Amino acid sequence: MRDLLEDAAKAADNHPEALARKHSKPALPKRFYQTASVAVCETGGFGIALDGRLVKTPAKAMLAMPTKAAAQLICDEFSAQEDQIDPARMPVTRLANTAVDGVAADPQAVFEDILRFASSDLICYRAATPEELVERQAGAWDPVLDLVRDHYGAQFVLSEWVMHVDQPREAIAAIGVAIKPHENPVALAAIHSMTALTGSALLATCVANRLIDVDAAWAAAHVDEDWNISQWGEDGEAAQRRAFRHGDMRAAFRLFDAL
C-alpha cells in the first residue's frame, strides 16, 4: 500500500529532466483529444471527459471526484497538455488516481500509516549542534508543536539526532482525532502525500486543518536541507528534485482544498 501511496513522491525520478540522464527515455503518449471538460458521472461524483469520453484510472476505475472543483483541477491539467501527455506535469491527476485505485480500497491502512509517521515525526528529532541549526529547527518546529498541543491536546517528546523516542499514545491518538474528519479517500490521499513529502504527519495535519500555510510547512520540513545549502552550496539536480516535490506538495493541498 505504501508503495502505491508514494508514487507521487517517486514520480520526481521520472521527471523528464531526471530521465534525460538515463540512456533512454520512454516516449510520452501523444495528446489524442481536443477538449477536456468536467462531467457528472452516472455512478456519482464528477468525472473528466476528453472529447466527451470519461477518463478512467490506470486500474480501469472511473476517475470520479467528490466535488466539481476537485474534478476541475484534473480537467485543467489535461487541458494544459500540449503535443504529448506528460504525467510528470499532472500531479493532481496522479494523486487522484492513487486515491481511487489505492486508498479507496483500504482507507484504514492509509490512516494508520499517517499515524506511523507521527510516531517518528521529523520535527521531534533535533540536532544537538551546531547552535545555528539548533536555533533554526526550534524557530521552525516549536511553533508547530505548540499548535498541536493547543489545538489537539497532543504533547510530543523531543529527541536528539536519530535516537528513537516513543511518543505518548495519547499524542498519537489526538492526531488521529484531528485527521478523522477527513475520511474521504481523496482527502486521505492528499494528507498522506503531504506527510510523505515532508516526513511529518504533524505538519500535514496542521496544513489540512488550516493552522499553517502549505508553503510554510514545506519550508519547515526543509530546515536541515536549507542549513546544509547555506554551508556547502546547492546542487542543481537536487534543487530540481526539490522543486518538483514542492509542486507535488502544493498539488496535494489544492486537491484537498477543493473537496
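Because the structure is a prediction, the values reported are computed rather than measured. Note: hydrogens, waters and symmetry copies are ignored here, and every other heavy atom, side chains too, is used. When a residue number appears, it is its place in the shown sequence, counting from 1.
- Hydrophobic cluster membership for V165: Y125, V157 (Ile, Leu, Val, Met, Phe, Trp, Tyr linked by side-chain heavy atoms under 4.5 Å, directly or transitively).
- When all heavy atoms of V100 and A104 are compared, the pair lying nearest together is O-CB, 3.6 Å.
- Looking only at distances, a side-chain donor or acceptor of T195 sits under 3.5 Å from a matching main-chain atom of I191.
- Summarising the hydrophobic clusters (Ile, Leu, Val, Met, Phe, Trp, Tyr; side-chain heavy atoms under 4.5 Å, direct or chained), the residues clustered with V40 are V38, F46.
- A side-chain hydrogen bond (donor to acceptor under 3.5 Å, both in side chains) check over residues 36-65, counting only residues at least two apart or in different chains, returns the pairs T35-D51, T57-D101.
- Salt-bridge formation is not detected for the pair R245/D248: no Lys NZ or Arg NE/NH1/NH2 atom is positioned less than 4.0 Å from an Asp or Glu carboxylate oxygen.
- Evaluation of the ring pair (Phe, Tyr, Trp, His ring centres under 6.0 Å) test over residues 148-181, restricted to residues two or more places apart or in two chains, returns none.
- Using a distance-only test at 3.5 Å, with no hydrogens or angles considered, a donor-acceptor pair links the side chain of E77 to the main chain of V92.
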Side-chain donor-acceptor contacts of residues 63-75 below 3.5 Å, not counting sequence neighbours, with atom names and distances?
from : atom 1 : to   : atom 2 : distance (Å)
T67  : OG1    : A70  : N      : 3.1
T67  : OG1    : A258 : O      : 2.6
Q72  : NE2    : D76  : OD1    : 2.8

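- D86 and Q81 are not linked by any side-chain donor-acceptor pair at a separation below 3.5 angstrom, with hydrogens and angles left out of the test.
- In this structure R254 satisfies the salt bridge (charged side-chain N to carboxylate O under 4.0 Å, His left out) test with no other residue, sequence neighbours excluded.
- Linking ILVMFWY residues whenever their side-chain heavy atoms come closer than 4.5 Å, directly or via other members, places F32 and M90 in the same cluster.
- In terms of heavy-atom proximity, V148 sits nearest to C206 at CG2-SG, 4.0 Å.
- The hydrophobic cluster containing I229 does not contain L133, counting ILVMFWY residues as joined when their side-chain heavy atoms lie under 4.5 angstrom apart, directly or transitively.
- Atoms CG and CZ, from L197 and F253 in turn, are 14.5 Å apart once rounded to the nearest 0.5 Å.
- Members clustered with M62: L54, by chain and number, using a 4.5 Å side-chain heavy-atom cutoff among hydrophobic residues.
- Under the 4.5 Å side-chain criterion, counting only non-hydrogen atoms from C-beta, L188 is in contact with I114.
- Note on residues 211-222: pairs passing side-chain hydrogen bond (donor to acceptor under 3.5 Å, both in side chains), not counting sequence neighbours, are D215-H246, D215-R250.
- Of all non-hydrogen atoms in V214 and M249, the two that sit nearest each other are CG2-CG, 3.8 Å.
- The OG1 atom of T205 sits 11.5 Å away from atom CG of L147, with the distance rounded to the nearest 0.5 Å.
- Although no hydrogens or angles enter the test, the distance criterion places no donor-acceptor pair under 3.5 Å between the side chain of R94 and the main chain of R89.
- By the 4.5 Å heavy-atom criterion applied to side chains, N228 and D226 are not counted as neighbours.
- Within a 6.0 Å radius of CZ in R210, more than 12 heavy atoms belonging to other residues, nucleotides or ligands are found.
- Q155 has its side chain out of reach of L145: every pair of non-hydrogen atoms, C-beta onward, lies at least 4.5 Å apart.
- For E225, the salt bridge (charged side-chain N to carboxylate O under 4.0 Å, His left out) partners at least two apart in sequence or on another chain are R242.
- Taking CG from L203 and CG from L122, the interatomic distance works out to 7.0 Å, rounded to the nearest 0.5 Å.
- Applying the side-chain contact (heavy atoms from CB on, under 4.5 Å) rule to E112 yields the partners Q108, R116; only residues at least two apart in sequence or on another chain are considered.
- A201 and D121 make their closest contact through N-OD1, 2.7 Å (heavy atoms, listed as atom of the first residue, atom of the second, distance).
- Under the 3.5 Å distance criterion, the side-chain polar atoms of S193 are left unmatched by any main-chain donor or acceptor of A190.
- Rounding to the nearest 0.5 Å places OG of S230 at 5.5 Å from CD of E132.
- Between atom CG of residue L158 and atom CH2 of residue W141 there is a gap of 10.0 Å, rounded to the nearest 0.5 Å.
- Side-chain atoms of Q137 never come within 3.5 Å of backbone atoms of V223 as a donor-acceptor pair (strictly under, hydrogens ignored).
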Check: residues 173-182 side-chain donor-acceptor pairs under 3.5 Å, at least two apart:
from : atom 1 : to   : atom 2 : distance (Å)
K180 : NZ     : E183 : OE2    : 3.3
H182 : NE2    : N209 : OD1    : 3.0

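- Side chains of Q167 and S119: no donor on one and acceptor on the other come within 3.5 Å.
- Shown here are the salt bridge (charged side-chain N to carboxylate O under 4.0 Å, His left out) partners of R126, two or more places apart in sequence or in another chain: D142.
- The distance from atom CZ of F111 to atom NE2 of H192, rounded to the nearest 0.5 Å, is 12.5 Å.
- The shortest non-hydrogen separation linking F78 to Y33 is O-OH, 2.6 Å.
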